[in-house]
Amino acid sequence: ADDCAAMARAAVETYGRLDILVANAGILKAGDLCDLDPAHFRQVVEVNLTGYFLAAQAAARVMREQSPAADGQRGCIVQIRPSRSREFDH
């Protein structure tokens, strides 16, 4: 959470405001579902869900406080999901 807040602050310090966050990070631990280590599954959840949540939350907090841009928007958050829909072999 602290890293994400620092990222949002750095954008404002560098560019004067934060207009967009593109969340495009993720990991995949593929394998046989019956043999998948729960620790690997938790790692995927932490990176793909919690990581996105913390980055979006930090950006939204900054965007909420800034004045609207010329288009009337305070900012935009875009989440790009992995293109692979099947993660586990069965």
Side-chain angles (χ1 to χ4, degrees):
D2 292 340
D3 289 344
C4 292
M7 170 196 65
R9 282 193 309 274
V12 173
E13 290 168 5
T14 302
Y15 303 107
R17 57 185 290 120
L18 178 58
D19 289 316
I20 188 165
L21 168 73
V22 177
N24 188 33
I27 62 171
L28 176 64
K29 300 275 185 175
D32 187 308
L33 179 61
C34 295
D35 298 326
L36 185 66
D37 184 338
H40 289 162
F41 179 77
R42 282 190 293 276
Q43 183 183 27
V44 170
V45 169
E46 280 296 307
V47 172
N48 296 358
L49 298 178
T50 306
Y52 163 73
F53 166 75
L54 293 173
Q57 183 182 55
R61 287 177 173 162
V62 168
M63 292 172 180
R64 177 179 58 192
E65 299 301 318
Q66 64 191 9
S67 59
D71 65 359
Q73 300 297 312
R74 294 181 191 275
C76 179
I77 298 173
V78 178
Q79 179 186 26
I80 300 173
R81 297 182 311 138
S83 61
R84 187 169 169 173
S85 61
R86 192 178 112 196
E87 296 186 11
F88 304 106
D89 295 331
H90 57 295

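Heavy-atom basis, side chains included; hydrogens, waters and symmetry copies ignored. All of these numbers come straight from a predicted model, not from anything done at the bench.
Taking NE2 of His40 as the reference point, atom CG of Leu28 lies at 12.0 Å (rounded to 0.5 Å). One distance of note links CD of Gln79 with CG of Asn24; it measures 9.5 Å at 0.5 Å rounding.
Other residues, nucleotides and ligands contribute at most 12 non-hydrogen atoms within 6.0 Å of the CG atom of Asp3. Remark: Asp2 CG is loosely packed, at most 12 non-hydrogen atoms of other residues, nucleotides or ligands lying under 6.0 Å away.
At a threshold of 4.5 Å between side-chain heavy atoms, the hydrophobic network of Ile, Leu, Val, Met, Phe, Trp and Tyr places Ile20 and Val62 in two separate groups. Hydrophobic cluster membership is shared by Phe41 and Leu49, with clusters built from Ile, Leu, Val, Met, Phe, Trp and Tyr side chains linked at under 4.5 angstrom.
Considering every non-hydrogen atom in both Leu54 and Ala1, the closest pair reads CD1-N, 3.9 Å. Residues Val44 and Lys29 share a closest heavy-atom pair of CG2-CG, 3.5 Å. Summarising the geometry of Ile77 relative to Ala59, their closest heavy-atom pair is CD1-CB, 4.4 Å, with the distance given to 0.1 Å. Nearest heavy atom pair, residue Met7 against residue Leu21, reads CE-CD1, 4.2 Å.
Looking at Arg17 and Ser67, their side chains come closer than 4.5 Å, going by heavy atoms from C-beta outward.
Using modelled atom types, one side-chain atom of Asn48 and one backbone atom of Ile27 make a donor-acceptor pair closer than 3.5 Å. Distance alone, capped at 3.5 Å, places no donor-acceptor pair between the Arg9 side chain and the Cys4 backbone. Distance alone, capped at 3.5 Å, is enough to place a donor-acceptor pair between the Arg74 side chain and the Gln66 backbone.
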